[in-house]
Protein chains: 2
Amino acid sequence: MTEIRPRGRGAAVLRQTVTDTIVAAAVAELAETGYAGMSMGAVARRAGTGKAALYRRWPSKEAMVVDLIDVFASRQVPAGGAGDLSGDVRAYVRAVADTLSDPVVMRIVLDLTAEAARNPGLSEAFDTAIRQPRRTACERFLRSAVERGQLPADLDLDLALDLLVGLTQWRVLNTGQNVDDSYVEATSKLIIQALPLCLGAGDRRGVRG
Amino acid sequence: MTEIRPRGRGAAVLRQTVTDTIVAAAVAELAETGYAGMSMGAVARRAGTGKAALYRRWPSKEAMVVDLIDVFASRQVPAGGAGDLSGDVRAYVRAVADTLSDPVVMRIVLDLTAEAARNPGLSEAFDTAIRQPRRTACERFLRSAVERGQLPADLDLDLALDLLVGLTQWRVLNTGQNVDDSYVEATSKLIIQALPLCLGAGDRRGVRG
DNA sequence: ACGAGACGGAACGGTTGCGTCCCGACTTCA
DNA sequence: TGAAGTCGGGACGCAACCGTTCCGTCTCGT
């Protein structure tokens, strides 16, 4: 986050507060109107501040949203890999379902996914802050399960990751259905049973996801 | 599509052509800039026409895009259900992969998915023209597989549909990876093997997907 | 006590968008 | 042949947005 070190008005307390207020307003505005539709004036209005306060912190709308992405990056996937594949999968599915079922998060993720196909800066920020860490975390506990023999040695990692990540996010992001405990349980169970089926040549290489 | 019955300039030939040119331009513009960023002036410019020609056909930008959705609806899922579950799945995965790997289609689908969370009109059009027919088609060949005993009688249909639709679309829409024959083959095989695992209480009700 | 600096608020110029209207050119149907 | 109706093109009024620049106020550090 761009640092502002005010000497003026209520520095000790407000140094965080003003920036945080703007960030919160920007997140809400982003969820409501989308990246393309979001206006800096509306963010300022919602934050109860002037536009100048925004441009004192970020040079542009894009830079601001890139910073916002890091805010979401903090809500991350549990570590896992401690010895229980079944538990790791369940924890992952639950974490993703909990995070993404928040309508604000859901809308922003959908919107930035679409926008990233158009905007290289956002795409890179989204990849490095969200997608790669998430994929890396899954990769780690899958690999450790292979090492323990809980999954076959010739596991097709790409396919397994598609199954794990894709199936988990699909319903939350693309259907209007409720995501409750029974859904988490059923999906986790299916993934756990299907993971050992992810075999194959498995030499497809990928970057993102 | 809103009908225009010109008596003027090259009616016989151009009656289709002008409308089609506008539609093509709108599709291209929609893919490049997204719904929120798309301007009617840019569509007209790209089509080599005046804005009046657009507003003679549609009352607004939203109405125009709603009509565009029907254009995509024509590219639909194969029927299936003829007796070979494995073949149905393979055909479905291939059809979806082929359609969505076109960057224009991919961007529009991503964009409208995000926009639909905000715009009720687009959401409804997208649902009825794309999601429901697709889901219904899958449902049909899954049900017929159950009737033939190729899938268990207590199949959790929602879960099976998540597996089929979600897994197929995930990589195409959300990763930068190539989607080639080996991917289609591996994904199809996984789905076919995992479908019988979709059991459960299965009383989660849903609308879309 | 005083200067520094961030604050909310308002206005600016320039650009872009939507949706409407009008124009002269053109082609078809009756 | 003439009326009808679409055509591309351009201009319009109105609104919104971006990013900048002021203003007067307020609170700090020194």
Side-chain angles (χ1 to χ4, degrees), chain A residues 1-26 29-30 32-68 115 118-119 121-122, chain B residues 1-26 29-30 32-68 115 118-119 121-122:
Chain A
M1 203 69 54
T2 308
E3 283 208 53
I4 294 285
R5 335 193 94 275
R7 291 225 235 148
R9 185 194 284 208
V13 178
L14 293 178
R15 176 180 308 160
Q16 301 292 343
T17 302
V18 173
T19 297
D20 287 355
T21 303
I22 293 174
V23 168
E29 205 69 25
L30 187 58
E32 283 181 18
T33 67
Y35 176 78
M38 186 184 75
S39 94
M40 297 298 262
V43 173
R45 214 160 21 236
R46 185 170 204 141
T49 173
K51 284 203 288 181
L54 275 64
Y55 285 100
R56 234 173 265 130
R57 292 171 168 75
W58 301 279
S60 69
K61 174 170 143 180
E62 176 178 333
M64 177 172 162
V65 173
V66 165
D67 260 13
L68 290 192
E115 194 64 32
R118 242 171 270 129
N119 186 320
L122 287 185
Chain B
M1 202 71 53
T2 308
E3 283 207 56
I4 293 286
R5 335 194 92 277
R7 289 224 237 152
R9 183 192 284 205
V13 178
L14 293 178
R15 176 179 309 160
Q16 301 292 340
T17 301
V18 173
T19 297
D20 288 355
T21 303
I22 293 175
V23 167
E29 205 70 24
L30 188 56
E32 283 181 17
T33 66
Y35 177 78
M38 185 184 76
S39 93
M40 298 298 262
V43 172
R45 217 172 306 134
R46 184 169 205 143
T49 174
K51 283 202 291 179
L54 275 64
Y55 284 99
R56 235 173 263 129
R57 291 169 170 74
W58 300 278
S60 69
K61 174 169 146 182
E62 177 178 332
M64 176 173 165
V65 173
V66 166
D67 260 12
L68 291 191
E115 195 64 30
R118 241 171 271 129
N119 187 321
L122 288 185

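Below, chains carry the letters A, B, ... as their sequence lines are ordered, and counting in each starts from 1.
Note: CD1 (B/I22) to P (D/dT6) measures 13 Å, nearest angstrom. The nearest whole Å value for the distance from the CG atom in A/L54 to the P atom in D/dT20 is 12 Å. In this structure, CE of A/M64 is placed 12 Å from P of D/dG19, rounded to the nearest angstrom.
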Distances under 3.5 Å only, N/O to N/O: pair up the protein atoms with those of nucleotides 12-19 of chain C.
unit_1: C/dC18; atom_1: OP1; unit_2: B/M38; atom_2: O; d: 3.3
unit_1: C/dC18; atom_1: OP1; unit_2: B/M40; atom_2: N; d: 3.0
unit_1: C/dC18; atom_1: OP2; unit_2: B/M40; atom_2: N; d: 2.7
unit_1: C/dG19; atom_1: OP2; unit_2: B/Y55; atom_2: OH; d: 2.7
unit_1: C/dG19; atom_1: N7; unit_2: B/K51; atom_2: NZ; d: 2.8
unit_1: C/dG19; atom_1: O6; unit_2: B/K51; atom_2: NZ; d: 2.7

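Across every non-hydrogen atom of A/N119 and A/Y35, the tightest pair is ND2-OH, 3.8 Å. Shown here for A/L122 and A/E62, the closest heavy-atom pair between the two residues is N-OE2, 4.2 Å. Contact detail for B/A36 and A/G37: the closest heavy-atom pair is CB-N, 4.5 Å.
Residues B/L54 and B/V43 meet the side-chain proximity criterion, which asks for heavy atoms closer than 4.5 Å.
In this structure, CD on A/E29 lies 8.0 Å from CZ on A/R45, to the nearest 0.5 angstrom. The OG1 atom of B/T49 lies 7.0 Å from the CZ atom of B/R57; values are rounded to the nearest 0.5 Å. B/R46 CZ to B/S39 OG: the interatomic distance, rounded to the nearest 0.5 Å, is 11.0 Å.
At the phosphate of C/dC7, OP1 or OP2 sits under 4.0 Å from a side-chain N or O atom of A/R56.
Exactly one residue among A/I22, A/V66, A/V65 makes a side chain to side chain contact (heavy atoms under 4.5 Å, CB included) with A/W58. That residue is A/I22.
Rounded to 10 degrees, the angle separating the terminal axes of the helix from C/dA1-D/dT30 to C/dA30-D/dT1 is 10°, with each axis obtained from five end pairs.
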